Structure formats: structure tokens, C-alpha cells
Amino acid sequence: MPAKMILHDTGKKDKEEPPNLNNIRGYWQKIVGVSKPFNSTDRDLVAWKQSLTLQPEEDDLKKRLSRELWDAVVRKAKPWKAHGPDGLQGFWWKAFKSACGVLYQLARYHLTTGKPLPIGWLTDGRIVLIYKAGSTNDPANYRPIACLNTCYKMLTGFITAYLNIYVKERHVLPEEQIALRFPTIDGGSLYKYLGMEQAIGIGESEAWKRVEERCCKTARQIWNSDLTFRQKVNAYNTTLIPALTYVVGNIIKGKGTYASVLKRGNKFDIKVRKILVELKSRYKAGCVERLYLSTELGGCGLKSVKDSIMEATIYSWAYLCTKSELRNSLGLFADMYIRKKRSVISDAEKVMVKHGIVATLEPTLSIVNINGVRHSDGRTLARYVVESIRAGNNISRRGSWGAKVLAWRVLHEAKIDGSTSFTWLKDGKLSSIAVRNVSAAQEGCLITRTHPSCKSQGNLRCRACGNPRETIEHVTTSCSKWLPTLYIDRHDSVGRSLHYRICEKYDLAPPHYSQRVESVMENESIKLYWDQPVQTKKLIKHNKPDIVLFDKSGKTVTILEVAVSWFTGIGKQIEIKTNRYCVNGNWEDKLNPPYPPGDNLQRELEIAGWRVTFLPVVIGACGEVVPGLRDQLSQVLGIDNKKAEDCIERMQRSACLGTSRIIKNHLAKTA
């Protein structure tokens, strides 16, 4: 199910009849149905018309209305936006390029010849009433949406694209008209939609309260859904954050202090974290900084409302400072700044000072200088500042996360790939409960009997197997209670990801995840063993690797041995596996490498005429991997880097799901 479907209001409306069609038309007639005559003698309009008499006319309209310009308009069309009466969405115009080309020729012909368009079907639309709240028979409680034919919207977009080029080249748009593009909303105004709430004055605080209440409800819907963890994070970031920052981003001379605005954002962040705890998406003692840390650094990637408010402020400030047509407005806010009145300039300065950014404005040129780089484009400037802010926040949050004892060990373990180890979290194809459990294991938040907050009255023994100390490491990788059951299931689930890639490469039908893997699979070119003993002349105790691939034509054997370990034991597991199959397959003291030389599976296969490659694949219980694993898989299995990365993510996901299952079963025991 798409994430946006979760946000659809599935609750039942009031048990009332919908409004009568005549009542609907009568209500909206007062707002949009009254025609207003066009005043062609308007003084400003006449003056503008006279200023255009010296402008050269278009010399080659056919050349200007090119196919490249049309294709650019088509590319921008949203594929699945609501269609008009013709039932055709943007996707179909993009898919059927010949039909799109005919539409282009039709539009170009009528625009260059001046002949009227077939208005009858082109401009038809359908009106859809979207129910909002309250009584269902009141027309005021519906929001009308006009759905026009996509072909009409592409035509008008084509005209608009041409006019934009024409206007910019000739500088024919009056400065006062350009200035109207900037939304100057103060704390006592509110955007009004087609007359709704037209008699209500609402302040900044009240506007925030309205949006906050709705966003809290939406946050619960998202985090209580069956979406994967990453889908929930993306839905939150793309739905709630824009709604909350819109209120702040359009208020450029609000009332009160900017600190109070940030405080509101921080309070909302706290509310959301409480919702996550309530809905079992994080532990209360979980690292807050990791929640908002970038996914590239091992964080969850959730956007902070407080941070987003500051970023929205920077975008408004950058737009104001770099638009030459807004110099008069800039002067007004600069004067407010001098008089120590709050404005977008003072708000942006507070944000930049907090993050150590020094900006110098050249008002006569509409240029901002930061670190010797002069910015004249608002978007480029805003992105530069925001990226600097995000980088600083990531460094600070990574440091705070690393200050935790167990987290510090994971982040600074030399044998762990600090980037690839968190691919599973970046992709987030797990439930939020599984992510919560695995993240808590990494951060030391699980309430085992050795945890400082556990009220076990001095009893530190494992509740399942009686081991003297019930640590997180013991629970996830060393408890004898789960060794023959849950540990085996997790191990096999990790190994199946490798088995699947091999089957895919050599045209073998991979088994469904619900089916048992066949011990031997074979075709004309290869033979594939799964947990199957390899016959040798000499007696070898350890002769049953997890996966063995025999390439008949190349006379090569690839041995893959899988293990799931606590991150501090990954290196030792690799050493044990290597010694077991490449040094001495009969050594009894198996947990203390290095082994003395002896008979082993690799040597026996080489004596039989095979070229042998051995690769131990050890995944951490919380998804950790060693550096270079992707390149090793690519080389040994003969797959590209993308497939190798996907294989690693699948193995990590399997390990994390297994670990989460072990944690739930273990902590549920009371003995």
C-alpha cells in the first residue's frame, strides 16, 4: 500500500445527506460565479502598454515553439495527478510518444496561425468536492477541486514556458508586478481559499496550533500503520514537515521572539518522540540524536521540526536578499533589523550565528558573500547555507550518539565498515518494531538483567539458560536456549540471500522464502550444495560448508561459509571459519585459532583437481559488516556492485529480523 493512502481519512462522516446540487451552486456562485468587467483603461496597465511599443515583436514564433520546449513541459507533468473528463493522466501522454507528438503539432499549429482551438473538449473540466469536516449537508464544509484535461494543462504550460522566455529576454514585466511574487504574510494574516474563513483574523500562534493538532493526528496514523520503517519516515518527512514549516516560512515579520518559534518546533519534536515510544517505534532511552542523524551516518533520517523551521527561515531570507526586484522590501526589513524589530533578517541571522556562518550582504547588487563565495541566486544561496547547517548538525549528533558506551564501540570498531554496516537502516525495509529492537541492542537500551536500571535484586543470570551474566551480547548471539532454534533460523535466512544470488546468476529457480532450500541443485554448467557434506578421500570432520558452488566447465569450487556474530566477534569468526576449512578441518579446539596445519576441505578439493576459493561471510547481529565485503562478493560470485550491495542489504535485513525475534522471545520469558 502506498504511504499516502495511510493518510486518507477513512473515518465515517456525519450521518447526514450530502448538500443539494442547487445549494452547492448557490454557495459558490457568490464567490466565483460573479463576473468582473475588465478595465482596459487602468492607468498602470495603459502605462505598461505604452512602454512595450518599443519592444521588438517575435521574429520566428515557429522556431521558438520548439519540440524541446514542449518536451520540457511534458517532463514536468505529474504522471498520476487527477485527470479531467477525458480520463487521460499525464503518464499516458508520456508513454504514448506518438500521441504526444500529434498534440504538440496541434498546439503549435493553432498558436502560430492564430486559428481558434477546439475549445469544446479541450477546456472541459470536472469539479470534485473534497469533504473537510463538520456537517455533510453544508456546502462550506467541502473544498472544490477543478480537474482539467491533462492535454489542456500541457498546452497552457507550453504557452507559459514560452512567455517566461519572452518576458525575461525583453524585461517587459513591471518591477511592482514581480514583487508580488513574494508572500509577505504577517502574524495577523492567513491564507484564504476561495473565501473560506474570509472574516476570520488569525495570529501566528493560533495558526500553529491548528496545524499542530492536525499533524499530531497524522503522525499517529503514519506510525501506527503497517508500512515499513523507511516508508513511515519518508511519509512523516514529506507530509508533516512541509505543513508545519509552511506556517513559519511565510511569516517574515511575525510577532513574539524567534526563540519562541523554535521552542514550539522543539515541543512538537518531543510530542512525536512520545508517540514513537507509545507505538513501539523507539525506546524511551534510545539515542535522540541518532533519530535525527543522516542515514549515511547510521541515523534514522527523521527530520526535526525545529531544524526544518530554521531551514525555512534561511530560504525566505535568501530569496529576499538575492532578488533585485525586492530591494524595496529588503530595505524595509533592514530598517526593522536596525530598530531591533523581529523580521526575516534577524531570524536568519540568529540561525547563522548559531551554526557559525557569517554572511555579508551587498544590497545594491543583491548579492550575499559567504566565505568568499558570492551568491546571486536565492536557491543556490539557501542550499549552500542549509547544507552547512545540516553538516554541522550531523557532526554534533554523531558525536552525541558516539558518547554512549556501546554505540561508541560500534562506531569506532576498526574491523567494522562504518557506512555499509547501516545499509539496512538506510533502506529501512523492516517494521518499526524490528528497527527499535535492533537499534536498542546497539545502543545498550535493552533491559537485560545486567542493565543498570533492571530491578533483578542482584540476580544477573540469564533467564533462559542460566548463564552467569545476561548481557545484550549473550542474548543475541550466545544463549544456549536459542542456539538450536532461533539462531539457526537467523543463520539460514542470511545464507539464503547468497543462495538466491547464485541461483539467479546461473539460471536456477530460487526457492520461495516459505519453501525449503534443496540440498543439491544442478544444471549443465554448475552444481550447488546447500548445507550438504562434500565427499573427500580423507576423513574431514568439517566438510559441510553452508554453500558450495561447483563450476563444471571452469573446474572451480567456491566455498561460502556464513555466520552471525556480535560485532566484536566478527573478526574472530572469520578467522575460525578460515582455519576450519583452509588450515585444519579436524582440529578439536575450534574456538582458539590459529589451528596447526592439517587435513582440510580446501586442500582435498585442490588435490582432486579443483581451483578453490573460500569466502567467510560474517554479518553482525545488528547488521554490521567488515570493510570490503561488497568487492569480495562481486569478485567471488561474479556479480556487479549493485547486486552485491543488494545482497548485503538482504543479509543484514535477515540478521536484524532474526535478532529482533530473539530479543522479543527472550525478554518475554519471566523465569
Side-chain angles (χ1 to χ4, degrees), residues 164 168-169 171 175 178-179 181-184 237 241-242 245 248-254 257-259 261-262 265 289 292-299 301 303-402 418-419:
N164 280 335
K168 287 180 180 179
E169 287 181 348
H171 305 286
E175 184 174 333
I178 299 176
R181 295 176 183 172
F182 193 78
T184 308
N237 289 347
I241 296 297
T245 55
V248 179
N250 279 332
I251 298 174
I252 60 176
K253 61 182 191 72
T257 64
Y258 189 62
V261 177
L262 297 180
E289 289 77 11
Y292 302 112
L293 183 66
S294 169
T295 55
E296 283 73 17
L297 299 175
K303 287 188 177 181
S304 162
V305 175
K306 180 181 177 181
D307 291 351
S308 299
I309 288 173
M310 290 191 280
E311 292 176 7
T313 300
I314 292 299
Y315 269 91
S316 297
W317 164 81
Y319 190 91
L320 179 66
C321 291
T322 56
K323 291 295 180 181
S324 58
E325 56 268 25
L326 296 176
R327 286 175 188 168
N328 292 337
S329 299
L330 178 61
L332 170 65
F333 295 121
D335 183 63
M336 293 175 64
Y337 172 77
I338 294 172
R339 292 187 286 116
K340 300 188 182 302
K341 299 289 185 180
R342 181 190 163 195
S343 69
V344 67
I345 295 178
S346 62
D347 292 349
E349 183 186 58
K350 288 181 174 66
V351 174
M352 290 187 287
V353 167
K354 178 181 178 180
H355 293 89
I357 300 171
V358 179
T360 305
L361 174 63
E362 301 175 24
T364 57
L365 300 176
S366 298
I367 290 176
V368 177
N369 191 318
I370 299 179
N371 297 332
V373 180
R374 303 172 80 235
H375 299 272
S376 58
D377 178 70
R379 179 178 297 179
T380 304
L381 170 61
R383 287 179 176 174
Y384 179 85
V385 176
V386 167
E387 286 302 319
S388 299
I389 292 173
R390 290 178 179 175
N393 287 339
N394 281 332
I395 293 173
S396 174
R397 285 168 177 153
R398 176 88 172 197
S400 298
W401 176 29
S419 176

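In this text, all values refer to a predicted model and were calculated from it rather than measured experimentally.
- Asp377 CG to Tyr319 OH: the interatomic distance, rounded to the nearest 0.5 Å, is 10.5 Å.
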For Leu381 and Ile370, what are the C-alpha separation, side-chain angles and deciding distance, and is it a side-chain contact (heavy atoms from CB on, under 4.5 Å)? CA-CA 9 Å; Leu381 170 61; Ile370 299 179; 3.7 Å; yes

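- Lys354 NZ to Asn393 CG: the interatomic distance, rounded to the nearest 0.5 Å, is 7.5 Å.
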With side-chain contact (heavy atoms from CB on, under 4.5 Å) as the test, would you mind laying out the steps for Met352 and Val385 before giving the verdict? CA-CA 8 Å; Met352 290 187 287; Val385 176; 4.2 Å; yes

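- Heavy atoms only, all atoms of each residue included: Trp401 and Gly298 are closest at CH2-O, 3.7 Å.
- When all heavy atoms of Gly265 and Ile309 are compared, the closest pair comes out as CA-CD1, 3.9 Å.
- Ile389 places none of its side-chain heavy atoms less than 4.5 Å from the side chain of Asp307.
- With contacts defined as side-chain heavy-atom distances shorter than 4.5 Å, the pair Asn371/Tyr384 qualifies.
- Between Ser366 and Ser324, the shortest heavy-atom contact is OG-CA, 3.3 Å.
- Atom-to-atom distance recorded for Ile338:CD1 and Phe333:CZ is 14.0 Å, nearest 0.5 angstrom.
- Side chain to side chain, Thr257 and Arg342 fail the donor-acceptor criterion of an N or O pair below 3.5 Å.
- With a 4.5 Å cut-off on side-chain heavy atoms, Leu262 and Met310 count as touching.
- When the options Asn369, Ile345, Val368 are evaluated for a side chain to side chain contact (heavy atoms under 4.5 Å, CB included) with Leu361, the one that passes is Val368.
- Distance CG/Leu293 to CZ/Arg397: 7.5 Å, rounded to 0.5 Å.
- Note that OH of Tyr292 is 13.5 Å distant from OG of Ser400, once rounded to the nearest 0.5 Å.
- Using a 4.5 Å heavy-atom threshold, the side chains of Ser376 and Ile367 count as touching.
- Judged by distance alone, the side chain of Asp347 and the main-chain N or O of Thr313 form no donor-acceptor pair under 3.5 Å.
- Of the possible donor and acceptor atoms, one in the side chain of Ser346 sits under 3.5 Å from a partner among the backbone N and O of Ser343.
- Taking all atoms of both residues into account, the shortest heavy-atom contact from Leu320 to Ser329 is CD1-CB, 4.1 Å.
- Annotation: the span from Asn237 atom CG to Ser308 atom OG amounts to 7.5 Å, rounded to 0.5 Å.
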